[in-house]
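Before any comments, here is the structure.
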Amino acid sequence: MKTLNTVPFVSVENMMRLVLELGIETCIEQIAGYIEEDFAKWQQFDKIPRVASHSREGVIELMPTSDGVDYSFKYVNGHPKNTRDGLQTVTAFGLLASVETGYPVLMTEMTLLTALRTAATSAVATRALAPKGSTTLALIGNGAQSEFQALALKKLCGISKVRLYDLDPAASQKCARNLEGSGLAITIYSSAEAAVEGAHVITTCTADKQYATILSDNMVGSGQHINAIGGDCPGKTELHKDVLLRSDIFVEFPDQTRIEGEIQQLDDDYPVKELWQVLSGEVPGRESDDALTLFDGVGFAVEDFSALRWLRDALQLTGRFVDLDMIADPDEPRDLYGMVIREVERMANERAAA
Ligand code: NAD
């Protein structure tokens with residue numbers, strides 16, 4: 001089989017246009033479907049905690065996985081101090097490849113795609129774990145991820161009211177402005193305590209490279225569901241340990257979450273349930289109306305794999321990519337050197353013809 005030597009590449013501009021053409025909420029809903037499909041065949045995936053290179057200011061990570069047919073990886077950073085310099089906390093790009101040939105089949109920006117898939121994952125978890133009839137979301141941390149999180153929970157979980165809180169009021173105002181016309185009723189609060197009181201679902205997506213206490217035990221009540229997605233590397237958490245001790249805790253891949261998630265504060269053998277097991281019906285999700293459920297989301301490679309699969313299919317409809325000449329592909333596979341020599345001849349012919 002001869003494989004094409006160009007690789008479709010989705011730039012930030014093309015990703016924005018694709019998302020606008022399909023609609024942000026539709027994209028999130030579709031990605032959620034791909035995530036559920038892949039979580040249903042969880043056992044087939046190669047799974048390792050992501051490979052992290054830590055520095056004082058942040059982390060750079062590689063996130064590989066494969067289901068035996070496709071292979072993917074994402075390069076992603078997390079640098080909370082970046083926004084002070086006008087840079088993003090999280091940026092990413094990634095690649096999907098064929099296991100059969102080892103050739104890349106898609107390369108793409110993944111900063112936007114990560115926001116979409118993180119929102120889709122929160123929605124998948126919320127749909128499985130939040131109390132039935134939840135309508136009110138408290139969103140603590142109103143940065144880059146926040147609007148995507150709100151829209152995902154509106155589209156997939158029936159959220160209609162969003163209460164915003166951020167240390168920086170300008171971030172909440174930005175989020176409220178961006179969500180105008182979304183159909184969500186938005187209120188900005190001046191403290192996290194006020195924002196979470198009475199909310200059915202709480203999503204924390206703050207960025208700070210420390211053991212922070214965004215939610216303390218007295219702030220959360222029974223019957224609530226928490227998505228804690230901002231604590232996602234060693235030494236970076238959002239919840240007080242006492243909240244964890246009261247919660248039914250659900251995670252993506254325990255080996256990674258015990259290193260990076262809220263549960264890094266607990267013993268290594270502290271019992272947690274895996275989201276894929278809930279989705280497949282193997283273990284119960286919410287066990288009672290007054291249970292406190294916690295999705296300790298750190299972001300796992302399988303979700304990126306799902307997002308990349310979604311994008312590959314979405315490109316068939318939108319054609320929003322350019323071809324990258326990134327695979328050296330000589331006519332005679334073993335004659336890589338000859339391919340270079342023939343390029344000299346080709347360039348000389350071009351000059352002569354000019
Ligand atoms: P961001 O820097 O754009 O926004 C973070 C916001 O949190 C800022 O507006 C900041 O003012 C606010 N904040 C910081 N400390 C706070 C506090 N104590 N109380 C209230 N607000 C506070 O970052 P982002 O891209 O929105 O990402 C948010 C977090 O989510 C980051 O830590 C990032 O690493 C993490 N993240 C996780 C996943 C995942 O899959 N779980 C995916 C993407 C990002």
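Start at 1 and go down the list; that is how both ligands and their atoms are numbered.
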Any R117 heavy atom less than 4.0 Å from ligand 1: yes

Interfacing atoms of ligand 1 (cut-off 4.0 Å, heavy-atom, D232): 33 (C), 34 (O), 35 (C), 36 (N), 37 (C)

Heavy atom of the protein closest to atom 14 (C) of ligand 1 (residue, atom name, distance): A207 O, 3.5 Å

Side chain to side chain, Q173 and R177, heavy atoms closer than 4.5 Å: yes

Student check: side-chain heavy atoms of L106 and L315 closer than 4.5 Å: yes

Intermediate values then yes/no, side-chain hydrogen bond (donor to acceptor under 3.5 Å, both in side chains), T293 and R286: CA-CA 7 Å; T293 49; R286 167 167 290 275; 3.0 Å; yes

Proximity of T206 to ligand 1 by residue part, where a heavy atom lies under 4.0 Å: both

Atom 15 (N) of ligand 1: nearest protein contact (heavy atom, Å): L167 CD1, 3.7 Å

For E193, all residues meeting side chain to side chain contact (heavy atoms under 4.5 Å, CB included), sequence neighbours excluded: S191, M219

Ligand 1 versus Q88: contacting region, heavy-atom distance under 4.0 Å: neither

Residue list, side chain to side chain donor-acceptor pair (under 3.5 Å) with Q43, at least two apart or on another chain: none

Top protein contact for atom 4 (O) of ligand 1, by heavy-atom distance: G143 CA, 3.2 Å

Q145-ligand 1 polar pair, N/O distance under 3.5 Å: yes

Heteroatom distance test (I229, ligand 1): nitrogen or oxygen, under 3.5 angstrom: yes

Per-atom contacts of ligand 1 with T89, taking only distances under 4.0 Å to non-hydrogen atoms: 1 (P), 2 (O), 23 (O)

Heavy-atom pair of closest approach, residues T257 and I263: O-CG1, 3.6 Å

Any side-chain donor near an acceptor of the partner, D38 and S306, under 3.5 Å: yes

Enumerated ligand 1 atoms positioned under 4.0 Å from heavy atoms of K236: 31 (C), 32 (O), 33 (C), 34 (O)

Heavy atom of the protein closest to atom 3 (O) of ligand 1 (residue, atom name, distance): A144 N, 2.9 Å

For A171, atoms of ligand 1 separated by under 4.0 Å from a heavy atom: 9 (O)

Test item, Y165 contacting ligand 1 (heavy atom, 4.0 angstrom): yes

Residues R246 and D242 bridged, charged N to O under 4.0 Å: no

Ring centres under 6.0 angstrom apart (F253, F300): yes

Numbered atoms of ligand 1 (with element) below 4.0 Å of V298, judged on heavy atoms: 39 (C), 40 (O), 41 (N)

C205 touching ligand 1 at heavy-atom level, < 4.0 angstrom: yes

Nearest protein heavy atom with distance in Å, relative to atom 42 (C) of ligand 1: T118 OG1, 3.2 Å

Ligand-side contact atoms (ligand 1) for residue partner G299, heavy atom cut-off under 4.0 Å: 39 (C), 40 (O), 41 (N)

Residues R17 and E21 bridged, charged N to O under 4.0 Å: no

NZ/NE/NH1/NH2 to OD/OE distance under 4.0 Å, K74 and E61: no

Ligand 1 atoms in contact with T83 (distance to a heavy atom under 4.0 Å): 2 (O)

Residue, atom name and distance, where the atom is the protein heavy atom closest to atom 12 (C) of ligand 1: D166 OD2, 3.2 Å

Centroid-centroid under 6.0 Å between F305 and F45 rings: yes

Whether G297 lies under 4.0 Å from ligand 1, heavy atom: yes

Residue and atom name of the nearest protein heavy atom (relative to atom 30 (O) of ligand 1), distance in Å to one decimal: G230 CA, 3.5 Å

Taking atom 18 (N) of ligand 1 as the reference point, the nearest protein heavy atom with its distance: I214 CD1, 3.1 Å

Contact check, side chains of L156 and T126, non-hydrogen atoms, under 4.5 Å: no

Y75-F93 aromatic ring centre distance below 6.0 Å: yes

